Amino acid sequence: MMAETKSIERQKNEDSGGQNQLECPVCSSENIRQDSETAELICQKCGTVIEEDMVEESAEPRAFTAEEREKRKRTGSPLTYTKHDRGISTQIGHGGSLSEVAPRKRGQYHRIRRWDRRIAESRSRNLRFALSELQKLVDDLNLPKSVHEESARLYDKAIGQETVKGRKIEKIVASLVLLVARDQRVPRTLREVAEASDIDKRELGKNYRYVARELDLRIIPARPEDFIPRFGSKLDFSGHTQARALNIIEQAREKDLISGRSPEGVVAAALYIASLVEDEKRSQKRIADTIGVTEVTIRKGYQDFVEGLGLEQEVEKAREDQN
DNA sequence: AAGACGAAAGTGGTTGA
DNA sequence: TCAACAACTTTCGTCTT
């Protein structure tokens, strides 16, 4: 359906990305790599995007919340709210040199504290609980503070629209985290968010659609590529193998082998194939458990991708070399 | 024993009439 | 709105390493 951009030029040296004396603000790992395609700095340990928009491409990041069509509440005050609270996302990563990110978490959350002040003013027990829940989720899932902030903002908005009424706060918060993280290209799987928030996976699956609808958020499917750095490092894959997996996904997309498949399944299959041909083999079981799919799903994707991309010989050769 | 393979049956989501 | 459909899961027996 949608014509994918056929990107011709392909960087060869993905893994020669900058190794700076930079420290991840979330997990303090120094293993940070620059994604050659998106120019984002990504923590290889937890998948946090350190700084985005280095190249100024204001097209997509905001697409998701950009247009809030006013809800015609007969009486209510429709749009007095945030016309666009641009501030948040544009300030991030704008503040200047990278070295400023590293020196301590001190003061790092001052913008979040603004929300704390609001609590004091409104004395909203609801909001307080929601934000502590949010804090816990963001911590557990190692998400960057930009996700934290945007989720808080959206929750506040949800309260204004009364969509929260009668709904479990935890479910709303978890839904927002799922949606925002995905939108900011540091996706977490449904399973991960469900586990971290102690909500039934199925419940959450229904709920986040509802939340998205109520807040007029576009539901964009997670991009398989965005999972590679995090799962790749969880499985101890080299940059080389991860790059290969990215390459497989890209090719698979061009041949339309991806649509209809779950992103997790795609990632799992791509990593498995890459692990074979790059001689860093991992068992199907290990990859399946790490990502949260079954081995059967990996096998299916494996078959379709290998055949569709003509990788038979390469895989075959790799198998021989193992003996 | 561990890993890989694939069949069978059931589930939830998407799609098209 | 309902039925068909593909992807995915669970379970399990078999084969390979």
Side-chain angles (χ1 to χ4, degrees), chain A residues 1-4 64 167-168 171 174-175 178-179 181-183 187-195 197-228 231-232 234-237 241 244-245 248-309 311-323:
Chain A
M1 195 64 97
M2 52 180 66
E4 293 298 336
F64 164 66
R167 297 254 160 189
K168 277 267 179 295
K171 293 184 182 175
S175 299
L178 183 73
L179 289 163
R182 187 184 291 177
D183 180 56
R188 299 299 184 265
T189 64
L190 188 59
R191 182 184 68 122
E192 289 172 311
V193 177
E195 276 174 12
S197 60
D198 205 32
I199 295 172
D200 179 70
K201 192 174 158 189
R202 227 183 104 202
E203 269 306 294
L204 182 57
K206 286 182 185 170
N207 234 264
Y208 89 90
R209 288 164 203 283
Y210 166 81
V211 171
R213 187 155 24 90
E214 287 303 309
L215 293 179
D216 265 335
L217 307 177
R218 273 176 48 203
I219 297 183
I220 314 156
R223 312 186 62 213
E225 294 93 328
D226 295 339
F227 286 107
I228 294 288
F231 287 137
K234 257 192 180 176
L235 288 161
D236 287 322
F237 282 133
T241 300
R244 184 58 193 257
I248 290 169
I249 292 172
E250 184 193 10
Q251 286 183 268
R253 176 173 287 123
E254 279 172 10
K255 305 223 165 179
D256 204 22
L257 298 172
I258 284 192
S259 61
R261 281 204 154 84
S262 78
E264 295 98 311
V266 172
V267 172
L271 279 175
Y272 179 67
I273 296 172
S275 87
L276 289 180
V277 300
E278 298 296 335
D279 198 29
E280 287 186 31
K281 177 161 180 179
R282 308 283 184 270
S283 72
Q284 292 179 356
K285 173 121 176 65
R286 185 173 166 200
I287 294 175
D289 289 346
T290 302
I291 297 179
V293 297
T294 64
E295 299 159 76
V296 181
T297 300
I298 291 184
R299 289 199 278 274
K300 183 74 172 81
Y302 168 84
Q303 288 163 350
D304 291 350
F305 289 175
V306 167
E307 184 190 1
L309 304 180
L311 295 172
E312 292 89 349
Q313 299 103 321
E314 203 165 351
V315 171
E316 192 54 43
K317 181 136 78 74
R319 290 213 138 106
E320 286 170 15
D321 291 346
Q322 286 192 335
N323 309 331

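Note that these values count all heavy atoms, side chains included, but never hydrogens, waters or copies made by symmetry. Remember, predicted model here, so these are calculated numbers, not experimental data. So that the names make sense, note that chain A is the first sequence line, chain B the second, and so on, each numbered from 1.
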Nearest to the side chain of A:Lys206, which nucleotide is it out of B:dG13, B:dG12, B:dG3?
B:dG13
Quickly work out the [X] [atom1] to [N] [atom2] distance and round it to whole Å.
X        : N      : atom1 : atom2 : value
A:Asn207 : B:dG12 : CG    : P     : 16 Å
A:Arg209 : B:dG12 : CZ    : C1'   : 9 Å
A:Leu276 : B:dG3  : CG    : C1'   : 12 Å
A:Glu264 : B:dG13 : CD    : P     : 14 Å
A:Leu190 : B:dT11 : CG    : C1'   : 15 Å
A:Gln284 : C:dC15 : CD    : P     : 18 Å
A:Arg299 : C:dT16 : CZ    : C1'   : 13 Å
A:Ile298 : B:dG6  : CD1   : P     : 14 Å

Is A:Glu280 salt-bridged to A:Arg244, cutoff N-O under 4.0 Å?
no
Can a salt bridge be assigned to the pair A:Arg286 and A:Asp236 using a cut-off of 4.0 Å between side-chain N and carboxylate O?
yes
Classify the side-chain pair A:Thr189/A:Glu264 by whether it contains a donor and acceptor separated by less than 3.5 Å.
no
Quick check for you: to the nearest 0.5 Å, what is the distance between A:Arg223 atom CZ and A:Ile228 atom CD1?
11.5 Å
Spacing of CG belonging to A:Leu271 relative to CD belonging to A:Gln284, to within rounding of 0.5 Å:
13.0 Å
Write out a two-atom table: protein N or O, nucleotide N or O from nucleotides 4-9 of chain C, distance below 3.5 Å.
{"residue": "C:dC8", "atom": "OP1", "partner": "A:Ser262", "partner atom": "N", "Å": "2.6"}
{"residue": "C:dC8", "atom": "OP1", "partner": "A:Ser262", "partner atom": "OG", "Å": "3.0"}
{"residue": "C:dT9", "atom": "OP2", "partner": "A:Thr294", "partner atom": "N", "Å": "3.3"}
{"residue": "C:dT9", "atom": "OP2", "partner": "A:Thr294", "partner atom": "OG1", "Å": "3.2"}
{"residue": "C:dT9", "atom": "OP2", "partner": "A:Thr297", "partner atom": "OG1", "Å": "2.1"}

Which part of the nucleic acid does A:Tyr302 contact within heavy-atom distance under 4.0 Å: base, sugar-phosphate only, or nothing?
nothing
Side-chain donor/acceptor of A:Arg182 to backbone N/O of A:Ile220, under 3.5 Å:
yes
Tell me whether A:Arg188 contacts the main-chain N or O of A:Ala181 through its side chain, where contact means a donor paired with an acceptor under 3.5 Å.
no
If we call it a pair only when both distances are under 3.5 Å in a Watson-Crick or G-U wobble match, what pairs with C:dA6?
none
